[in-house]
S.K.: 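Before I ask anything, here is the structure I am working with.
Keep in mind it's a predicted model, so treat the numbers as computed, not measured. Whatever order the structure lists them in is the order used to number ligands and atoms, beginning at 1.
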Amino acid sequence: MNIKNYIMASLLSMGVANGVAQTDNFKYTDERFADLQMLRYKVHGFEDLTLRQKIFIYHLQEAALWGRNILFDQNGLYNLKIREVLETIYTSSKVDKNTDDFKDMETYLKRVWFSNGIHHHYGCEKFVPGFSEKWFREQVKNCKVNIKSAELDEICKAIFKDDYLTKRVNLAEGVDLIKTSACNYYQGVTQEEAEEFYAKQKAEGNPLHPVMYGMNSTLVKKNGKIYEDKWKIGGKYGKYIDKIVENLKLARPYAEDELQKQVIDKLIEYYTGGDLKTFDEYSILWVKNTEPLIDFVNGFIECYGDPLGLKCSWESIVNFKDLEATKRTETLSANAQWFEDHSPVDSRFKKEKVKGITAKVINAAILAGDLYPSTAIGINLPNSDWVRKEHGSKSVTIGNLTDAYNKAAKGNGMLDEFVYSSVEKDLIEKYGDVCDDLHTDLHECLGHGSGKLLDGVDSDSLKAYGSTIEEARADLFALYYLPDAKLVELGLTPNAEAYKASYYSQMMNGLMTQLVRINIGNNIEEAHMRNRALIARWALDHGKKDNVVEMVKKNGKTFVKINDYVRLRNLFGELLAEIQRIKSTGDYEGAKNLVETYGVKIDPELHKEVLDRYAKLNIAPYKGFINPVYEAVCNDKGEIIDVKVTYTEGYAEQMLRYSKNYSF
Ligand code: ZN
């Protein structure tokens, strides 16, 4: 599971400081085109790694980059050929680059690079080219592109015919999902045949420890026979997997412990034979391997790209632990009992002995395949249910990507548009990032782990309201403690005022700004968003008689105004106690009442106002990252003596380099 969703809301609440000088000269935002904004991330701490660790990362990122073309092909049969032809025209000196057709083709190519194919990475719909087929065919001739005329006809049809290959993944009911999806995981089979094929495999397999049937193959029907074309050495994508394995072998001697070497060996064994039992064995070793600083994912992982949810797209991330952030969470965990004892909830619902969780924050060193350029900000793997149940999973947040999103959002105009006055704006600019990190740490390390159910209470008793209540509980725990003197004492907050930045953002987001993610007329559905609305609206409502928080109009626009931060903290404490009671006693009616009253419905007038104001800011809805560049410095014997990382490569430059260096 790639955790993609959560960041969006947190972004809007916190990372919106405007006009702040960057703490360094790093440029977090890069070019913008279509509905996309390119960003950069910094690999914090890379310079502090040992040479051995740097070399390990170097080989692993090479292994990561070699899988790019696999994903292009998985996403659609014509993607690689289309990319190749477009790149030839794009880089040719024989093409007039000042025409509208060329500029439209450039945008189209940039979108193809971004989506790893000709369909939108998120919406899955096929791109509509702005350039004409006539112009395209002329350039193909003009540039002497090496392509047979039948093949040219095929890719023209794929690019220009608007009722052909319309969706990459179609999930609409009542039609053959394989036939109506343009992804390239099935050849010549119907949905029914594929389902039958895998139902049979499942029936014959191990019911207790089922492998993930079909995840690493193309299902083909040829001459009436249905079979799997496996993705492995010697099979489909074999030449790319060869290169991946070659680089994994180069990395292996630099692995940080014996178990990590076994992990790599198992992965190579799996890539060699394609046996899914071997993949499960690999996953189990990988889950156990928690000691090393450096870790990586490399393989066929997520199945969102297959309408039947079986076939896994290729992806890779190389990362290492963020020691600074881990230190912060260790401090909180070491004091977990103090926080539990001093929380405002009824003592019957408190844990006598609480163990804090040390959240694992990592820094991404490279993103590849289905994690590039659009990426996840957290990872929770492996995906196999029984492996997760019996052996656990690794769940991490990717700190440097979250950081990059936040930094990039500075100056996007959100603060100017939605914050009441310069007082609140200053607070958010000064303390927003620090408090955001701390809020997350308190939420993850202490909030979710605090409190207990009374004896005999079923953990599922809150049913559909369970996850909203659970998220609200963790958020309120964080909000209640943010102003606490204990945090200043532990050196986690700079001073006794900083928390106000977080309080204002929380209220503004819960009451207003998070609504930008919802279409007019819809309710709030997602649990994190419901929880934020619930907290903010409950506090607004219950603080009314003391005028703690109010919604005010200024120049015809609505703003959130906090009049009494101390009372607001008390309100958060009160709601925390109530939510903990609901959870501990399994009070379904109580949960339903709170969530339905405060967390679901939207005032249509306010919603429209927020959407209109947001639209004027013209913020690109989708973002993705340009990778850093790693360069191995070698001595005359060819041994690596240093690895340098740079961040100046342009988007098109990077994509063209990848196409050239990691293709055949
Ligand atoms: Zn949570």
S.K.: List, one per line, each side-chain donor-acceptor pair under 3.5 Å for residues 454-465, sequence neighbours excluded.
M.R.:
residue : atom : partner : partner atom : Å
Asp458  : OD1  : Asp460  : N            : 2.9
Ser461  : OG   : Asp458  : O            : 2.5
Tyr465  : OH   : Glu596  : OE2          : 2.6

S.K.: Considering residues at least two apart in sequence or located in another chain, which fulfil the ring pair (Phe, Tyr, Trp, His ring centres under 6.0 Å) criterion with His121?
M.R.: Phe114, Tyr622
S.K.: Is the shortest side-chain heavy-atom distance between Leu617 and Asn412 below 4.5 Å?
M.R.: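 Not touching, per the 4.5 Å side-chain cut-off.
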S.K.: Tell me yes or no: between the side chains of Gln37 and Thr29, is some donor less than 3.5 Å from an acceptor?
M.R.: no
S.K.: Please list, chain by chain and in numerical order, all residues satisfying side chain to side chain donor-acceptor pair (under 3.5 Å) with Asp403, sequence neighbours excluded.
M.R.: His44, Lys407
S.K.: Does Arg613 make a cation-pi contact with Phe559 (under 6.0 Å, within 45 degrees of the axis)?
M.R.: yes
S.K.: Anything protein N/O/S under 2.8 Å from the Zn ion (ligand 1)? Just list residue and atom, please.
M.R.: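 As for protein N, O or S atoms lying under 2.8 Å from the Zn ion (ligand 1), they are His443 NE2, His448 NE2, Glu471 OE1.
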